[in-house]
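What follows is a short report on a single structure.
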Amino acid sequence: MTTTVATAERPSAVTDRHLAGSTAARQQRSARIKLWAGAVCTALVALPVALASMLPLPDPNAQDLSRRRLAPFTDGHLFGTDQLGRDLLSRLLHGGQVSLTVGVLAVLVSGLIGIAAGSAAGYFGGWVDAVVSRFLEAQLALPLLMMLLLVVALFGPSVTVITCVIAIAQWPEVARLTRSLVLVEREKPYVAAARLLGMRSWSVLARHIVPNIVRPASLVVLLLLAQAVLLESALSFLGAGPQRPFATWGRIISDGQDYITTSWWLVTLPGLVIALLVVGVNLLGDGLRDRVRTKKGA
């Protein structure tokens, strides 16, 4: 009895220091750092853009040729002015509302299309899977930017058209992941039990399988937000984005590229804003994905 008690009270060789240095602990710390860094970077851009109409900013379209191309921190212009004397910070924040609105709407539409198509392909298989897979392969084989420019040239560069075009361009990535997740889920016992209870296939898919795959699929949708903003900026830079009076980030860079050697802030500051948002969204998505993986491993 004494030997048993002594053995039970013997301290473990695994200390808190060993646990802190384990792979799981390092992954948790890495995911936490990514989440915080991503949230801060995203908030630094998204919050001022969302509150642009409430902030004491000049009219983004008000021109003053006597104040054109003022350097940052000059005469109350934090980011300086552009070639027409318009406040650059005001144009960036108000233009960001258009860019972020297009990006958010595009990823929501692409997420809905991708989850619906991928779920149907993964669960039903057969000709449904074949049709969805052929559409995926056909679209992935096309040059993305060229396809976007062609569609915008045909239907016009309106906000609605560009949102739909970006959404259609991004749905294959969501559909591919959703299909693979559904292929795994449909073989689990709860799906067989639901079938034995007489539930219809669409009901099993909508009520049981889709809720279980929405979370990992939504992480991909979040990562696509950065790509959607970049695509919208690229289209605007090439002149195929939302037309004036919308001051999108891509058009601001395009308008300032002729002055890059003399007025660096006209291109550099909008580029830094886009880069900060893209890095923040990617870090946030990576952190959430690593956190989910760590919980599953535990």
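Smallest separation of non-hydrogen atoms from A206 and P211: O-CD, 3.4 Å. Scanning both residues, V221 and G111, for their nearest heavy atoms gives CG2-CA, 3.9 Å. Closest non-hydrogen pair, L57 versus A52, comes out as CD1-O, 4.0 Å. Shown here for L266 and G256, the closest heavy-atom pair between the two residues is CB-CA, 4.0 Å. Shortest non-hydrogen contact noted between G285 and L223 is CA-CD2, 3.7 Å. Across every non-hydrogen atom of F79 and W265, the tightest pair is O-CD1, 3.6 Å.
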Checking ring pair (Phe, Tyr, Trp, His ring centres under 6.0 Å) for the pair Y123/W202: CA distance, chi angles, key distance, verdict? CA-CA 9 Å; Y123 185 76; W202 282 109; 8.2 Å; no
Given R179 and D129, is the salt bridge (Lys or Arg N to Asp or Glu O under 4.0 Å) satisfied, shown in steps? CA-CA 9 Å; R179 177 182 176 275; D129 189 16; 2.8 Å; yes
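Screening V281, L277, V279 for a side-chain contact (heavy atoms from CB on, under 4.5 Å) involving V45 leaves a single residue, L277. Partner Y190 forms a side-chain hydrogen bond (donor to acceptor under 3.5 Å, both in side chains) with one of E185, H208, R195 and no other, that one being E185.
Judged by distance alone, the side chain of S236 and the main-chain N or O of E232 form a donor-acceptor pair under 3.5 Å. With T163 contributing its side chain and V159 its backbone, the two residues share a donor-acceptor pair below 3.5 Å. Judged by distance alone, with hydrogens and angles left aside, the side-chain atoms of W249 form no donor-acceptor pair with the main-chain N or O of G95 at under 3.5 Å. Not a single donor-acceptor pair under 3.5 Å links the side chain of T74 to the backbone N or O of G80. Looking at Q83, its side chain never comes within 3.5 Å of a backbone N or O of Y259 through a donor-acceptor pair. Side-chain atoms of S110 come within 3.5 Å of backbone atoms of V107 as a donor-acceptor pair (strictly under, hydrogens ignored).
Of the inter-residue distances, the one linking L224 atom CG with Q170 atom CD reads 4.5 Å to the nearest 0.5 angstrom. In this structure, OG in S90 is found 9.5 Å from CG in L55, a value given to the nearest 0.5 Å. Within the model, atoms CZ of R289 and CZ of R215 stand 15.0 Å from one another, a figure rounded to the nearest 0.5 Å. Taken from CG in L105 to CD1 in I162, the straight-line distance is 12.5 Å, to the nearest 0.5 Å. For the atom pair OG1 of T178 and CH2 of W171, the computed distance is 10.5 Å after rounding to the nearest 0.5 Å. The structure places CG of L35 at 9.5 Å from CG of L283, a figure rounded to the nearest 0.5 Å.
M146 and F155 are members of different hydrophobic clusters when ILVMFWY side chains are connected at heavy-atom separations under 4.5 Å.
Applying the 6.0 Å contact sphere to CZ of F135 captures no more than 12 heavy atoms from other residues, nucleotides or ligands. For CZ of R186, the number of neighbouring non-hydrogen atoms (other residues, nucleotides, ligands) closer than 6.0 Å is greater than 12.
Hydrophobic side-chain contacts under 4.5 Å tie L112 to no other Ile, Leu, Val, Met, Phe, Trp or Tyr residue.
In this structure, I274 and I253 have side chains that are in contact, with non-hydrogen atoms separated by less than 4.5 Å. Residues Q139 and I168 have side chains in contact (heavy-atom distance under 4.5 Å, counting atoms from C-beta outward).
Using a cut-off of 4.0 Å between Lys/Arg side-chain N and Asp/Glu carboxylate O, R86 and D59 are scored as not salt-bridged. For the pair D82 and R69, the salt-bridge criterion is not met [side-chain N within less than 4.0 Å of a carboxylate O].
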